[in-house]
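Take a look at the structure below.
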Amino acid sequence: MSQNVRLRVDKHLEGETLENGALVEIRALEPSGRSRLVEKVPVPIGESSSFYRSVDLAPGRYELTAYMPSGELLSQTLDLAEQPGDVDVVLRGEQSPHEWLSWQHLLGNVTGQKNLNQSIFTGSIVFKPPGSHGVPEETEGHAEHAEHAEITAKLWLVPSAPIDPVWSRLDSWFAQLVPGSALDPAQLFPPDAEERGVQIINDPPYAAARLDLGVHVGDRRAYLVCSRGSEAILCAMPYPWMQSDGSGEALVEASIAIDVEGLESNLIENGLAEEPGWSVRPGVRDRQLGSVLSYLSSGEAASARELIQPARELLFEKTMNPMAAAGGGYVLVDEWVRDSSQAGSDSRWHYWIRNLSQWFPWLPDGAILQGWLALRRRDQPPDLVQARSALLQAESRGIPLYTAGVRRLSDGLMLLANEARGKGSPDPEVDAAMARVRRLAWQVDPRQPFTCVRLMSS
Amino acid sequence: MGQLSSAPVSAREVARWFLSEFDNPAFPRASLDLLLSDAAGDPFTDPSGQTHSIGRATFSNIETAVLDWFQRGMASPDNLMILFYCGHGLGKGKQTILLAEDFGSLPDTLSLKRAIDFDQFYLGMDQCAARQQCFFVDACRVGTPFALNTLNYFGDPLIPPSAKVAPTPRSAPVFYSAVPGTTAYGRPGKTSFFTEALLNAFQGAGADDATGQWTVPTDTLPRGIHAYLRRSVARTAAQGQLSLADGLSAPFNLHHLAGDPVVPVEVTCNPDTHNPDGTLRVSGNGSLLTPAAPTQGPWDLELPYGSYHFELGLPSPINPLNPVDREVRPPYRQVKFDVP
């Protein structure tokens with residue numbers, strides 16, 4: 001006789017629910033004091049009790065543990081007896097510092113209320129968003145060593161197929177970069193780029209820039225530029241983003257945070273300078289993939305792979321959202337490489353990735369995945385010709401949407417360049433593309449799932 | 001950029017751990033090479049008490065040692081290769097550069113000839129026959145104006161990468177002590193925070209028993225490192241340091257535990273301002289603990305794996321708090337008493 005247990009994680013998400021939000025590990029606690037893994041299941045996160053994951057469990061004692069995308073660990077012991085009706089088990093997540101930050105908190109982009117209270121906030125933020133839909137606010141944190149910082153945010157929509165003009169302009173600047181130099185972000189955008197305002201929410205030490213829903217973007221790339229004094233960060237935005245389950249458009253936003261933890265003291269042995277103490281983190285409120293992308297960028301690759309399985313067909317067969325499909329590709333690419341060494345493995349990814357590369361020429365990431373897989377697949381020798389063609393095409397298409405793409409592109413071009421050099425016939429075209437991408441890689445913030453480029457030197 | 005005293009201490013501790021504690025029937029220890037840059041001298045006393053004179057961690061010595069190590073790894077795909085680096089690093093974006101002792105001995109950017117381009121080295125290691133590889137990088141990953149002048153050269157790769165692939169993909173996780181753009185912290189004359197967290201995680205926080213035996217797989221190790229790192233840097237200047245793992249696609253067991261794991265447990269009132277007034281009793285596994293109340297922060301305990309009963313008393317007029325029963329298992333557990 002088994003009992004139906006209805007599992008969910010309770011967390012405020014502004015009325016929304018992440019369907020496959022967290023991976024919960026169910027362990028049976030044996031009378032001997034040992035425990036045994038029963039199963040790992042994806043469970044929904046949200047406030048609504050209408051969304052839950054049903055699991056049949058035999059009567060007994062269990063421990064339920066959720067690794068949240070933020071890295072928080074929730075655990076609860078369950079004594080399950082035979083009883084009529086279903087048993088509801090609710091794991092409760094840590095409180096977000098502010099209700100409007102609940103999604104960002106869940107995804108690990110901001111620290112929790114408890115940690116925030118413990119931290120020493122050393123900066124203040126003043127937001128003056130040009131073109132903002134709301135009334136610009138001015139607020140100050142309770143600073144011990146206040147540093148005045150004015151942050152602005154602008155969205156640019158740029159015609160970018162087949163070649164992204166932002167990338168060529170950015171690289172021209174990289175090529176002349178010297179210490180202390182900074183770039184006026186407006187110089188990156190061509191005359192036919194459309195500048196749009198963004199909605200700003202300001203609540204120090206955090207803020208968010210939210211992009212409008214219902215905007216016709218077409219084949220244009222979206223870039224968000226956040227500036228703070230002479231420093232600026234350029235973000236490749238996944239915009240507009242259709243829910244990967246096809247249920248409509250998802251909110252795209254970027255959280256902006258002053259790094260409250262970046263402190264120095266004489267405990268430190270060396271005197272190297274810290275990075276600028278602020279960051280921008282784009283995110284999407286996708287009910288299927290929101291957590292997956294966060295797990296991916298935090299290094300919890302196994303959790304990302306397990307959570308993406310239910311959405312796999314939807315992502316690649318329907319291709320309703322090429323940006324989501326590319327993200328899924330980065331989650332699964334190592335698994336595909338590994339599978340290719342075994343006979344009879346699922347090879348549908350060949351078609352998925354080829355289509356992604358061919359059908360969406362404004363998106364570099366499809367070509368990056370195609371080139372990387374041509375280099376690394378194990379069921380045949382590396383296809384250097386296809387890899388070269390795909391990776392050069394990807395580089396010409398512009399800034400990869402995903403940070404993981406910057407890495408694959410850089411690594412792939414490095415392999416091709418060394419291969420050619422090793423054969424005594426260097427490939428100048430590949431060498432030049434590799435140099436450009438490594439310069440880009442030098443400036444990206446690898447902590448972010450979507451590519452964020454710092455537009456200033458140290 | 002001065003001499004680090006923490007790095008040689010850390011390297012010696014890791015070497016001692018591999019010589020005395022490391023246990024892996026699938027990969028019995030075959031060789032261990034150690035290079036040090038220690039202003040206090042170069043002896044190394046192994047766990048048996050024997051003292052060895054250790055070579056300096058100059059670029060030339062590192063290159064020789066790495067190439068020898070690479071050749072030993074070529075002997076079989078079933079080999080496991082482990083590299084631990086603790087010292088100065090440069091990094092920005094996704095690039096990581098590791099500096100040898102004689103970095104700075106050449107003028108200006110020529111000094112990068114005495115540094116290692118870790119990104120290329122990592123790719124190059126795919127040419128080694130050994131299909132299990134593991135890298136620990138305990139170094140800062142921040143950039144400097146100096147490094148910025150070298151946009152097309154990031155050091156010597158030691159093993160230049162190639163497009164050739166082996167029939168079997170490798171498992172090659174990298175455990176970084178710091179996320180890119182941040183500093184990794186050492187403590188003068190002591191192990192670094194990351195090394196301490198790593199060695200503690202090997203005792204249990206990084207373990208799992210999915211196969212019926214307690215082992216430290218490469219995909220759960222980072223959770224253990226993170227748990228200890230967060231604890232050890234809390235309330236210090238290093239509190240922003242967070243470890244990061246990469247390349248965890250196909251996990252393998254790095255270490256086998258001799259017994260049950262030891263697990264970090266954090267016990268706290270909610271709000272934690274009540275902690276200094278609390279009286280904590282922890283029973284389980286046949287023992288009773290009454291740890292002293294912390295003056296600040298939570299009770300940081302280390303408990304052997306098992307089921308425990310936690311009771312917390314607070315001075316009146318606060319009503320008695322409900323006790324908590326909790327399974328304590330890796331990577332860590334938090335026990336919270338909500339105070340009305």
Side-chain angles (χ1 to χ4, degrees), chain A residues 27 29 33 35 37 63 67 71 73 75 77 114 174 177-180 259 261-265 267-275 299 301-302 334-335 337-338 341 375-376 378 381-382 384 387 406-407 410-411 414-416 418-419 422 435 438-447 457-458, chain B residues 1-2 4-6 88 92-95 119-120 123 140 142-145 148-149 151-152 154 160-165 167-169 179-183 185-188 210 219 222-223 226 236-240 244-246 248-251 272 285 306-307 325-327 329 331-334:
Chain A
R27 292 189 159 269
L29 303 179
S35 70
L37 179 64
E63 191 196 37
Y67 291 97
L73 185 149
S75 67
T77 304
K114 175 170 162 263
F174 283 158
L177 196 61
V178 294
D259 293 345
E261 295 177 329
L263 308 177
E264 292 263 30
S265 96
L267 270 179
I268 303 163
E269 278 193 87
N270 63 62
L272 289 175
E274 287 278 356
E275 286 285 286
D334 286 333
E335 187 175 299
V337 166
R338 190 155 290 279
S341 64
L375 270 176
R376 299 282 95 178
R378 286 340 208 241
L384 299 181
V406 177
R407 176 187 161 181
S410 171
D411 287 355
M414 212 185 297
L415 290 171
L416 287 172
N418 274 293
E419 186 68 20
R438 289 198 90 180
R439 287 198 287 259
L440 171 68
W442 192 243
Q443 294 292 112
V444 299
D445 182 347
R447 298 172 295 180
S457 64
S458 298
Chain B
M1 196 179 300
L4 297 174
S5 62
S6 179
H88 278 307
K92 204 171 177 204
K94 72 170 278 295
Q95 310 285 346
D119 296 76
Q120 287 217 57
L123 281 176
C140 294
V142 291
T144 66
L148 198 67
N149 284 328
L151 285 167
N152 290 317
F154 302 91
S162 148
K164 294 183 190 71
V165 293
T168 309
V179 295
T182 62
T183 307
Y185 297 89
R187 295 167 295 184
D219 59 340
R223 290 176 176 171
H226 187 79
T236 74
Q239 65 177 303
L244 184 75
D246 199 5
L248 295 169
S249 61
D272 63 4
N285 265 1
S307 297
D325 288 314
R326 187 57 53 87
E327 168 90 348
R329 62 175 287 115
Y332 73 94
R333 284 296 180 267
Q334 186 181 55

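Convention: sequence-line order gives letters A, B, ...; per-chain numbering from 1.
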Heavy-atom closest pair, residues [X] and [Y]:
{"X": "Glu327(B)", "Y": "Glu63(A)", "answer": "O-OE2, 3.3 Å"}
{"X": "Thr168(B)", "Y": "Arg378(A)", "answer": "O-NH2, 3.8 Å"}
{"X": "Ser35(A)", "Y": "Arg329(B)", "answer": "OG-NH1, 2.9 Å"}

Below 4.5 Å from any heavy atom of chain B, which atoms of [X] appear? Answer side chain, backbone, both or neither.
{"X": "Ser75(A)", "answer": "both"}
{"X": "Leu29(A)", "answer": "side chain"}
{"X": "Leu37(A)", "answer": "neither"}

Can you tell me which portion of Ser162(B) sits under 4.5 Å from chain A's heavy atoms? Options are side chain, backbone, both or neither. both
Select one option (side chain, backbone, both, neither) describing which atoms of Asp246(B) are under 4.5 Å from chain A's heavy atoms.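 Interface part for Asp246(B): side chain.
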State, with a plain yes or no, whether a side-chain heavy atom of Asn418(A) is found less than 4.5 Å away from one of Gln120(B).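 A side-chain contact under 4.5 Å exists here.
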Is the side chain of Glu419(A) donor-acceptor paired with the backbone N or O of Ala163(B) at a distance under 3.5 Å, no angle test? yes
Show your reasoning for whether side-chain contact (heavy atoms from CB on, under 4.5 Å) applies to Leu73(A) and Arg223(B). CA-CA 10 Å; Leu73(A) 185 149; Arg223(B) 290 176 176 171; over 6 Å; no
Specify which of Pro331(B), Gly306(B), Pro169(B) makes the most heavy-atom pairs with chain A at under 4.5 Å. Pro169(B)
How long is the straight-line distance from CD of Gln95(B) back to CZ of Arg439(A), given to the nearest 0.5 Å?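 Between Arg439(A) CZ and Gln95(B) CD, I get 12.0 Å after rounding to 0.5 Å.
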